[in-house]
Amino acid sequence: MRFKQAPVLVGMLVLALLLAACGGASPAAPTESPGQNTPQAQTGATQAPVAATGNTLQVVRDRGQLICGVNNQLPGFGSVDAQGNFNGFDIDFCKAIAAAVFGDATKVQYRPLSAQERFPAVQTREVDVLIRNTTWTVSRDTTVGLDFAPTTFYDGQGMMVRKADNISSLEDMDGASVCVQSGTTTELNLADSFRSRNLQLNAVVFETHDAAVAAYDEGRCDGFTTDKSGLVSTLVKLRNPADHVILDVTMSKEPLGPAVLQGDTQWKDIVTWVVFGLFNAEELGVTQANVESMLNSDDPNIRRLLGVEGELGQGLGLDNDFMVDVIKAVGNYGEIYDRNLGPNTPFNLPRGINAQWTDGGLIYGPPFR
Amino acid sequence: MSSTDVQVTQEVKQPRVAVSLIDWLRRNLFSNWLNSIITLLLLWVIVSALVRLFDWALTEATWTPVVKNLRLFMVGRYPGEAIWRVQVALALVLALFGISGGIWGGITRKVTSGLVAATILLAILPLSMGTRLYFVGMAVLMALGFIAGLRFPRLLRWPAIALWIISPIVIVILIGGISGLLPSVDTSLWGGLMLTLMLAVVGIVASFPIGVLLALGRRSKLPVVKGFCVAYIETIRGVPLVTVLFMASIMLPLFLPAQIRIADVVRAMVALTLFSAAYLAENVRGGLQAVPNGQIEAARSLGLNVFQTTTLILLPQALRMVIPAIVGQFISLFKDTSLAVVVGLTELLGIAEVVIRQPDWLTVPGGVQREVLLFVALIYWVFSFSMARVSYQIERRLGVGTR
């Protein structure tokens with residue numbers, strides 16, 4: 001068959017050009033880009049990611065939007081309402097950072113991220129900041145290449161039991177059966193907690209969270225365990241929420257907070273001090289409602305926080321009164337907490353260790369000075 | 001069937017015997033006592049399952065999440081004040097379908113009547129008054145377009161073709177905005193069924209020519225072309241779609257300077273297109289191989305050049321043979337768009353997951369995932385089934401399998 005396919009060849013060349021132009025999914029060689037502020041974040045298994053040399057603040061300002069990596073499926077922390085607006089505890093911190101940078105909390109582009117996708121998204125600078133219920137651990141701070149801002153929510157694994165069983169602590173649960181989701185750190189933490197107390201554990205393992213909850217609700221187990229914030233939202237779903245109680249015990253540490261790409265200290269400082277500013281605002285009693293009148297306050301701590309005195313904002317590359325915009329947009333830390341997780345929400349989550357240090361909690365903002 | 005069709009009479013016609021329902025039942029379901037018992041048993045299982053399902057759907061199920069979030073399901077986070085732009089874009093497409101149905105008749109006419117029926121059905125549903133009026137308007141618009149196409153087929157033929165060709169650009173400008181005229185709506189706000197359809201249509205339209213070229217290239221005698229095509233097809237077919245999407249979403253920024261950002265939506269579209277093209281190429285190759293050599297030799301001896309032989313003789317016959325396979329590929333591409341949820345796009349399934357996890361439904365015992373997923377499954381089914389029906393019509397019209 002003599003069948004020269006010259007037009008086909010032309011077509012293929014066009015296709016090849018097209019593919020090259022699209023820079024599609026075919027593995028292209030990583031080329032050294034000419035731009036001076038282009039990081040080559042390498043994600044090799046042995047090599048820690050090279051620090052980002054780029055000026056994130058400048059990139060964000062030029063873009064006119066903060067890109068915030070979030071969760072859109074975690075009630076209370078990040079979810080989308082029927083009008084398409086993002087709401088939640090984590091979302092409010094995105095708004096706070098946008099307010100600090102632009103003076104406008106609406107200049108945020110929310111990028112929903114799956115659990116697998118979240119770290120590569122930071123490494124490749126898909127997102128400027130990751131605020132997606134991410135636990136601060138040493139490996140994530142080092143080999144994964146993140147820098148963590150202060151913890152905004154101290155979570156921890158808890159235990160739910162029936163009131164009728166008269167259980168007040170883990171020690172009362174020797175030989176008890178506990179419903180737990182399989183393949184999670186929750187399952188391992190449960191075993192650790194019982195073993196360290198020399199207690200007999202009868203773990204009843206389920207593939208999904210919902211199956212474990214259903215089994216507990218049907219009386220299949222004496223207890224149910226997951227993160228405390230999750231326990232509270234589970235509690236309201238049970239048939240008779242009043243029959244159950246969450247024990248005052250924490251089986252693991254889950255400090256959740258914003259994370260940025262390692263290496264850009266200015267950007268990390270901005271995220272860090274926006275969070276600390278919100279902590280301080282609560283401690284000093286500056287709220288969304290009274291922030292305007294607080295500008296006339298005589299308290300030097302408040303005057304420095306709001307930029308009436310000093311040049312603290314400039315040190316971060318922001319306006320001196322950046323915290324005024326932040327507090328106007330989202331309120332102080334306590335207001336953020338109450339709006340999303342507090343008594344008037346379905347969660348009604350007590351502050352616990354997330355209270356101010358003055359109330360015996362762990363929320364402690366270093367001074368604005 | 002229109003008169004242009006070549007009808008080949010079958011040599012032996014099966015005698016058609018009229019059977020009454022009772023006869024049919026007796027013959028097929030109650031032929032002996034064992035079959036009768038099996039029939040009754042299965043009937044009981046089916047009926048009780050259906051009764052249980054309807055009972056659940058009508059009494060226990062919480063449909064409020066679906067009703068309250070209809071907008072989210074349709075257009076995602078697209079801003080409310082700009083919804084009219086989506087409606088205009090949809091009106092444009094439907095009007096084009098109406099006109100085309102009038103001009104060309106045949107399958108386009110059937111598609112148009114199906115769309116009219118669908119809009120009327122949507123207008124009957126208990127939606128908001130504005131939405132229902134909109135669908136009534138759409139039905140009227142299609143009817144008007146249809147009459148216009150029927151009346152002035154010559155006059156409207158070329159304008160209609162031109163409009164079809166520029167319609168994707170018009171739609172993207174309408175929905176995405178253009179500087180100076182329409183305020184831009186960022187692609188990160190696109191979502192829901194709108195995004196699913198966009199991903200599917202772009203994937204289908206763009207992957208078809210690429211797939212045909214790859215198939216032709218794979219049969220080429222030129223080693224570089226052939227090598228490239230084989231390598232491309234086998235690489236893409238050797239990896240799951242999720243991997244390709246992850247590559248496009250997460251790896252691509254590594255290779256690009258920080259200033260250049262390609263929208264997630266575009267990246268997913270490119271990934272879906274490239275993925276689908278590889279599979280399509282193999283389908284088309286099957287068709288190409290089935291065309292007898294004699295056809296090509298005959299075309300050559302008539303003096304047709306290579307280009308003419310390929311476009312006039314080889315491809316029409318090859319593509320006709322693989323229509324079922326191609327449509328099957330398109331249907332699976334449509335459903336594959338749901339994988340875009342793993343790269344953070346909130347298309348239909350992404351929206352479903354978002355709605356399931358809204359705090360409003362925390363107090364609903366057992367959650368609302370059954371209702372929401374059932375609703376989404378229904379939407380996927382309606383579209384996939386429609387595509388399958390259209391494919392069946394095309395097959396019948398082209399006589400695939402009968403000649």
Side-chain angles (χ1 to χ4, degrees), chain A residues 1 3-9 11-12 15-16 18-19 22-31 33-35 37-41 54 59 72-76 79-85 87 109-114 116-117 120-121 124-126 210 214 233 236-239 345-347, chain B residues 68-69 71-72 76-80 186 188-189 210 213-214 216-217 219-222 225 228-229 232 235-236 244 246-259 264 270-271 274-275 293 296 306-307 309-310 342-344 346 350 353-354 356-359 362-367:
Chain A
M1 188 175 83
F3 192 63
K4 288 185 189 161
Q5 287 166 319
V8 176
L9 173 64
M12 290 318 303
L15 176 64
L18 188 81
L19 291 178
C22 293
S26 46
T31 47
S33 33
N37 51 357
T38 50
Q40 288 289 322
V59 172
N72 60 2
Q73 296 171 25
L74 190 64
S79 60
V80 184
D81 69 13
Q83 281 70 47
N85 302 312
N87 290 308
Q109 180 185 325
Y110 299 101
R111 173 80 161 79
L113 293 171
S114 59
Q116 305 92 320
E117 206 190 4
T124 58
R125 308 242 261 162
E126 272 288 281
D210 288 336
S233 58
V236 291
K237 247 187 197 178
L238 298 176
R239 271 176 297 196
T345 65
F347 309 97
Chain B
K68 274 188 115 177
N69 290 292
R71 200 180 94 194
L72 219 49
R77 297 180 56 227
Y78 201 83
D186 196 89
S188 66
L189 298 177
I210 300 177
L213 282 177
L214 281 169
L216 289 171
R219 282 163 57 89
S220 168
K221 290 275 191 298
L222 299 165
V225 173
F228 171 79
C229 289
Y232 175 84
T235 308
I236 296 284
V244 180
F246 261 118
M247 280 285 290
S249 169
I250 290 170
M251 302 299 287
L252 197 61
L254 279 182
F255 310 137
L256 292 173
Q259 294 88 346
D264 302 331
V270 172
L274 296 182
F275 185 81
N293 267 348
I296 294 155
V306 177
F307 184 74
T309 313
T310 309
V342 300
V343 292
T346 41
E353 292 185 352
V354 164
I356 290 168
R357 296 300 179 131
Q358 281 173 340
L362 271 178
T363 45
V364 176

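Letters A, B, ... are given to chains in the order of the sequence lines, protein chains preceding strands, and every chain is numbered from 1. These values consider heavy atoms only, across backbone and side chains, with no hydrogens, waters or symmetry-generated copies.
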Legend entry - Expected output: side-chain Arg71(B) to main-chain Gln83(A) donor-acceptor under 3.5 Å: yes
Legend entry - Region of Tyr78(B) in contact with chain A, defined by heavy-atom distances below 4.5 Å: neither
Inset, instruction - Measure across Ala82(A) and Lys68(B) and return the closest heavy-atom pair with its distance rounded to 0.1 Å. - result: CB-O, 3.5 Å
Legend entry - Interchain contact, Pro120(A) with chain B, by part (heavy-atom threshold 4.5 Å): both
Inset, instruction - May I ask you to name which of Asn69(B), Leu362(B), Val342(B) has the most heavy-atom pairs under 4.5 Å with chain A? - result: Leu362(B)
Inset, instruction - With rounding to the nearest 0.5 Å, note down the distance linking CZ in Arg357(B) to OG in Ser79(A). - result: 11.0 Å
Legend entry - Distance-minimising heavy-atom pair for Asp81(A) and Leu72(B): O-CD2, 3.4 Å
Inset, instruction - Among Pro79(B), Ser249(B), Gly350(B), Gly80(B), single out the residue with the greatest number of heavy-atom pairs under 4.5 Å to chain A. - result: Ser249(B)
Inset, instruction - Please report the shortest heavy-atom distance between Pro359(B) and Gly76(A), naming the atom on each side. - result: CG-N, 4.3 Å
Legend entry - Crowding at CZ, Arg111(A) (>12 non-hydrogen neighbours, <6.0 Å): yes
Legend entry - Shortest non-hydrogen contact between Glu353(B) and Gln73(A), atoms and distance: OE1-NE2, 3.1 Å
Inset, instruction - Please state whether the side chain, the backbone, both or neither of Glu126(A) comes within less than 4.5 Å of a heavy atom of chain B. - result: both
Legend entry - Proximal component of Arg239(A), with respect to chain B [non-hydrogen, under 4.5 Å]: neither
Inset, instruction - Below 4.5 Å from any heavy atom of chain A, which atoms of Val343(B) appear? Answer side chain, backbone, both or neither. - result: both
